[in-house]
2 protein chains.
Amino acid sequence: MRESDDGRAPEHPDPAGVPLQQVLDALVDPARRSIVRQMCDADDARAADISCGGFDLAVSKSTATHHFRVLREAGLIRQYYVGTSRKNALRRAEFGTAFPGLLDAVVDAERRARPECTPGRAG
Amino acid sequence: MRESDDGRAPEHPDPAGVPLQQVLDALVDPARRSIVRQMCDADDARAADISCGGFDLAVSKSTATHHFRVLREAGLIRQYYVGTSRKNALRRAEFGTAFPGLLDAVVDAERRARPECTPGRAG
DNA sequence: CCCGAAGTACGACCGCTGTCAAACTTTGAT
DNA sequence: ATCAAAGTTTGACAGCGGTCGTACTTCGGG
């Protein structure tokens with residue numbers, strides 16, 4: 001079980017080079033915003049990175065794959081393989097430098113609207 | 001030429017009651033973001049409110065009407081009639097209370113990406 | 001009174017994207 | 001070697017939303 005398999009590592013653009021349009025396109029979808037929010041909660045709690053299957057999502061696996069790619073290409077998350085599963089980490093600092101205040105504003109609004117941590121899971 | 005005609009005044013929801021989803025739906029469109037940015041620039045310069053036809057937009061009148069309505073229903077702008085024209089004002093304070101930091105983050109990113117004030121107009 | 005200017009309302013069209021199922025790949029365990 | 005688990009890829013489909021043109025309304029001026 002190697003960590004961070006070099007061979008199958010996906011592309012990770014520099015957030016500073018991502019157009020605002022692409023970032024907003026990524027954040028406008030409720031499923032993707034739910035993913036980001038769950039990652040933010042885990043990050044705040046200093047919990048381990050979450051694998052794709054570890055999220056609370058009401059969509060099929062192929063749709064989830066699609067959402068993760070959109071988030072990754074928008075510079076919002078980093079993905080790395082651990083065995084057969086893929087871990088996801090929020091690129092908080094890098095993204096925050098490129099788009100100051102944006103992620104916080106969105107996640108804060110999301111939390112204000114839905115204080116429950118993750119419907120269906122404890123936490 | 002009456003100001004703020006009471007009879008034909010459109011609905012203006014309280015920004016605090018608008019779902020985050022609706023706000024992001026409003027801000028994700030580049031034409032609407034351009035409108036917001038121009039209003040923000042005018043507001044910063046303490047310039048007068050801009051009428052619908054006074055914006056630099058590359059769309060038809062009916063499309064523009066559509067965009068203004070989306071922005072108004074998202075709690076982002078206020079519209080009032082002056083004669084036959086409709087003035088538009090950014091609801092900065094009220095919206096900022098409901099969604100702290102969001103408008104600033106988006107407009108700042110927009111300005112960073114396109115420093116020109118308004119392509120095609122002086123300013 | 002009549003016309004033009006400024007927007008709005010309505011219908012239609014079209015492209016984009018979120019969605020899924022199915023087939024495939026890769027990894028780890030038995 | 002085999003099998004299951006975790007994701008990816010591809011192709012297809014459906015619905016939403018941005019766009020426009022046209023007709024309509026309202027206001028102000030000559």
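Each chain gets a letter, A, B and so on, in the order the sequences are listed, and its residues count up from 1.
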Is A/E11 paired with A/R72 through a side-chain N to carboxylate O contact shorter than 4.0 Å? no
Check whether B/T65 reaches the backbone of B/K61 with its side chain - one donor and one acceptor, N or O, closer than 3.5 Å. yes
Listed nucleotide nearest any side-chain atom of A/S62, set C/dC20, C/dT19, D/dT22: C/dC20
Candidate pair A/D56 and A/R37, rule salt bridge (charged side-chain N to carboxylate O under 4.0 Å, His left out), full reasoning: CA-CA 11 Å; A/D56 187 4; A/R37 191 265 177 86; over 6 Å; no
Is the distance from OP1 or OP2 of C/dT19 to the nearest side-chain N or O of A/T63 less than 4.0 Å? no
Side-chain (A/T97) to main-chain (A/A93) donor-acceptor, under 3.5 angstrom: yes
Whole angstrom value for the distance that separates P of C/dC16 from CD of A/Q22: 15 Å
Identify, residue by residue, the members of residues 23-32 of chain A with a heavy atom below 4.0 Å from DNA chain C, and return them in order of residue number, or none. A/D29, A/R32
Separation of B/R72 atom CZ from C/dA9 atom P, in whole Å? 8 Å
Provide, to the nearest angstrom, the distance between the CD atom belonging to A/E73 and the P atom belonging to C/dT17. 12 Å
So, do A/N88 and A/R78 sit near enough that their side-chain heavy atoms are less than 4.5 Å apart? no
Run the salt-bridge test on B/D44 and B/R92 with the 4.0 Å N-O cut-off and return the result as yes or no. yes
Please, which pairs that meet salt bridge (Lys or Arg N to Asp or Glu O under 4.0 Å) have at least one residue in residues 24-35 of chain A, sequence neighbours excluded? A/R33-A/E110
What is the distance, to the nearest angstrom, from the CZ atom on A/F68 to the P atom on C/dT19? 13 Å
Full working for salt bridge (charged side-chain N to carboxylate O under 4.0 Å, His left out) between B/D104 and B/R111: CA-CA 10 Å; B/D104 287 341; B/R111 284 173 171 158; over 6 Å; no
What does nucleotides 1-7 of chain C look like as a protein-contact string, B for base, S for sugar-phosphate only, - for none, at under 4.0 angstrom between heavy atoms? ----BBB
Taking only the side-chain nitrogens and oxygens of A/H67, find out if one of them lies under 4.0 Å from OP1 or OP2 of C/dT19. yes
Grab the CZ-P distance between A/F55 and D/dA6 for me, whole Å please. 15 Å
Take the protein atom CZ of B/R69 and the nucleotide atom C1' of D/dG18, then report the distance between them rounded to whole Å. 12 Å
Just the rounded figure in Å: distance from C1' of D/dG7 to CD1 of A/I50. 17 Å
